[in-house]
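Scroll down for the structure; my scribbles are underneath it.
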Amino acid sequence: MIRLNPKYIPLLATALVLLAVFVTGSLLYPNFGTPRVAVNLLNDSAFVGVAAVGESFVILSGGIDLSVGSMVAFVGILIAKLLQVGWDPFLAMGVALCVGTAAGAVMGGLIHFFELPPFLVTLAGLFCLRGLGFVIYPESIGIDHPFYGQVLPQLSILVAPKAVLPFTAMCFLSSVVVGTFVASFTRFGRNVYAVGSNENSARLMGLPVGRTKITTYALASFFSALGGIVATFYMQSGNPASFVGLELDAIAAVVIGGTLLTGGVGFIPGTLMGVLILGLIQQIIIFNGTLNSWWTRIVIGALLLVFIVLQKLISRGGDRETLVAAK
Amino acid sequence: MANSLLEIVGLTKSFPGVTALDGVDFALRGGEIHALMGENGAGKSTLIKVLTGVFPRDAGETRLEGKIIAPRSPREAEGLGISTVYQEVNLIPHLSVAENICLGRQPTWLGVIRWPAIANRARAALARLDLSLDVNRQLSAYSIAVQQLIAIARALDISAKLLILDEPTSSLDRNEVEELFKKLRKLRAGGLGIIFITHFIDQVYEISDLITVLRNGCRIGCFATKDLPRIKLVSHMIGKAVHQVEALEQKRASAASIRSEAPMLEARGLARKGSLRPLDLDIRPGEVVGLAGLLGSGRTETAKLLFGVDRADQGTVRMNGREVRFDSPRAAIRYGIALTPEDRKVAGIIPNLTVRENIVLALQTRRGSWRRLSVAEQAKLADRFIQALGIKTPSREQTVRNLSGGNQQKVLLARWLAIEPKLFILDEPTRGIDVGAKSEIERLIQSLRQDGLAVLFISSELEEVVRQSQRVVVLRDRRKVDELREGEISEGAIMQSIANPNLERTGA
């Protein structure tokens, strides 16, 4: 029998849940399992997904980022406003990414240098960014730039008859690929795991703890800002009041994706699956048509609980294995 | 000294109010194991931390192979070839063995980590220690002893010239220590310079070539191990004349005061699946019962069952003849049982509270939050124990994290003594504390015993068990294998009981 490394168990559990949800949907509704529904799912989840990739890094490092929803809304209204006053869309997006990443680096710096809890620092970030969005413009601004109206729809791939993979979905999938690569194949990525698992040990092992933490928050905010850009593609507008609580969806997706909330254990592809599970549940409830959409929340809550308990059981199991080995 | 690998001259380091190192000299040659000895607070850790760049120095000079060095971080020291392995294994439990060895210096190609190269490099690093492990398994799957060796392999993976081992053997049992020493001898033969810090005097004599003794931040001297009698070493460390030390060492618990009263605690067939096989145990008032056995033999498990941390699934416990059941430590405390756990840092001392707050904790808990001890009462209580136990602290309002290990242990003892327990379970009360504090704690235990307290004493240092106990219960493989009475107790007898495969006496 193949001995399964315990660290893959949460990932496997996530994959099984994803499969179960998908099969359930397909059995209940004949059109559920079509490529078209799949690309819609990717499109609808794209901006949450991009942000969740960033959130994965923060959670892997043992922290938390609550500023995601505000960042997405802030970037949205920033771009909409800049386009309204006649900026080039690429310049506007570039500025948005830089501002977002810088905000993340500042939060990371505060967390590291002043040894402040990430929860509070990013909560402050949540308020500041939300407020700044309203400062830029207090209401929704529609985007009617030709790039959005004419170029974007063409940046898509026909993956199956009647199923077009939109650009938003491509952004999402590339973020997952890039995130996976950074997490698994760069020294920075491995340092994130080490810091999240045991910060003190990481320091004594000579790892650059401070640099890693600051970079982690900067990277997470970069992904949040990118999520904000993807959201403008999706909504064709920017609104400073939108996406309240998006960070909680991102955190839920990360945890359901098998990443340990205490840090150090998890995989970026797990986050992809977590996002898809959330999206699929929503799809099923939409297909049903009679259920109130709040049922999505209830199911997500229940799943989240199941996964937290599962993680606890696994980490206990890990301890037991150690004891046996020690004997 | 000819061809010194490391030379430290006049190293000085002060912290606010304390001179931790006062003009300390130290020298080490390649192919030498040099022990650094001294009581807690003597400056050993500070010396290492200055050497490896954790703390900046105030004055003094360090030369490595003749070149002046002044690393500003452990990372920089590693780059120079100075690696440290600390007492607690400082690796990442969730990552693989291979990754732990290469973390921070993974071989890359254009910034991309080459995973196969990591595994090979890890295997090569482990091979230097004659270890062959599955390097792709998670670190936490291996025992502490193996993790310790992996930490050494990591330290040696970069071309280390100097290896510092800070209390590497505290969590290892005898065989594991033997194994570690074998590897160290091999490394020494390969020309590596090793600084070895430990509290175990036996081990120093087993492995080291030279001993440097520090006391109160000063260097007392550097001696060839084979020319330094043990008693001299202890006398250097604690700063007392040899005859005083001898008196201390020879003081044995007197037998006379044991009262042949009925047992205060009687356990019959106490057991828990996977943790302890049925065990009988009696403890009388005014008696110290020693619990001896190797690491993992069930010592701590016994303590946990008696204190209600774990629930027994078989057997009975009687206190003063009445059958009792403890489902929680709270219940055990109500019956007058106290426990100082094995690892005081994890499960005992609250480092950010003051000495006073730590001491009143248990008493306040028992009284309940509604009947608060007044500040004056708390102060009186704290002062009484600071004096009675000789806790060395500038004031009762000092935060406990600033005290040395021995004094932290005393604070923990004081906390439990404040509730006036009838049975005191001490799990490794002297681990990681220095010789002076150790003998003070031993004296304290004996005086508590004479006051009629029953004590269950758990220690992996056999000489300590022998010195302290009126009766010794020997455990092996989570089962009681022998019970030695007054007169039969000696280190040899205990070791025989542990080693003898035929021995299996149960009943008391």
Side-chain angles (χ1 to χ4, degrees), chain A residues 2-10 60-62 178 180-212 258-260 262-267 311 314-327, chain B residues 52-54 73-79 83-86 88-96 99-115 118 134 136-147 151 154-155 158 166 171 173 176 274-275 294-297 477-478:
Chain A
I2 307 160
R3 193 184 53 209
L4 184 68
N5 191 325
K7 72 180 178 181
Y8 293 120
I9 294 174
L60 279 175
S61 81
V178 170
T180 307
F181 173 79
V182 171
S184 301
F185 289 94
T186 65
R187 286 189 184 173
F188 162 74
R190 304 319 295 168
N191 291 346
V192 169
Y193 280 85
V195 169
S197 189
N198 188 334
E199 190 175 330
N200 192 39
S201 288
R203 187 170 292 117
L204 288 170
M205 286 169 92
L207 302 179
V209 173
R211 202 171 73 204
T212 303
T259 299
L260 216 57
T262 47
V265 181
F267 300 92
Q311 290 183 351
I314 291 165
S315 56
R316 272 205 208 136
D319 291 349
R320 201 164 306 129
E321 193 192 13
T322 313
L323 272 182
V324 172
K327 217 179 110 187
Chain B
T52 54
V54 179
S73 69
R75 197 178 168 75
E76 214 180 309
E78 264 189 14
S83 295
T84 315
V85 173
Y86 295 91
E88 289 94 19
V89 178
N90 282 297
L91 296 175
I92 309 296
H94 288 136
L95 298 183
S96 71
E99 217 180 338
N100 268 293
I101 290 174
C102 298
L103 206 59
R105 43 176 187 260
Q106 298 96 330
T108 56
W109 181 77
L110 298 177
V112 182
I113 291 181
R114 292 159 52 218
W115 283 103
I118 288 183
D134 179 356
N136 292 318
R137 285 195 78 183
Q138 241 178 266
L139 180 81
S140 58
Y142 291 99
S143 71
I144 296 290
V146 175
Q147 291 185 23
R154 174 184 167 81
I158 36 171
D166 190 355
S171 322
D173 72 25
E176 292 167 339
S275 137
L294 298 176
L295 209 72
S297 60
D477 294 339
R478 298 168 190 273

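The basis for the numbers below is simple: all heavy atoms, side chains too, and nothing from hydrogens, waters or symmetry mates. Every chain is numbered from 1 and lettered A, B, ... according to where its sequence line falls, protein lines coming before strand lines.
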* Asked: Considering only heavy atoms, which portion of B/E76 lies under 4.5 Å from any heavy atom of chain A: side chain, backbone, both, or neither?
  -> neither
* At a heavy-atom separation under 4.5 Å, does B/R114 approach chain A through its side chain, its backbone, both, or neither? ->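 When you check distances to chain A, no heavy atom of B/R114 falls under 4.5 Å.
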* Most contacts with chain A, counted as non-hydrogen pairs under 4.5 angstrom, among B/V54, B/L103, B/V146 -> B/L103
* Atom group of A/F188 that falls short of 4.5 Å from chain B, counting heavy atoms ->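 Neither part.
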* Gap between atom CE of A/M205 and atom CG of B/L91 - 0.5 Å precision -> 5.0 Å
* **Point-to-point distance, once rounded to the nearest 0.5 Å, from CD of B/E78 to CG of A/L204** => 10.0 Å
Which heavy atom in [X] sits nearest to a heavy atom in [Y], and how many Å separate them?
{"X": "B/G104", "Y": "A/R187", "result": "O-NH1, 3.8 Å"}
{"X": "B/I92", "Y": "A/A194", "result": "CD1-O, 3.4 Å"}
{"X": "A/L207", "Y": "B/R75", "result": "CA-NH1, 3.9 Å"}
{"X": "B/I113", "Y": "A/S184", "result": "CD1-O, 4.5 Å"}

* **side-chain contact (heavy atoms from CB on, under 4.5 Å) involving A/V195 - partner list, sequence neighbours excluded** => A/E199, A/A202, A/V209, A/T212, A/K213
* In terms of heavy-atom pairs under 4.5 Å, which option from A/G206, A/G264, A/S201 contacts chain B the most? -> A/S201
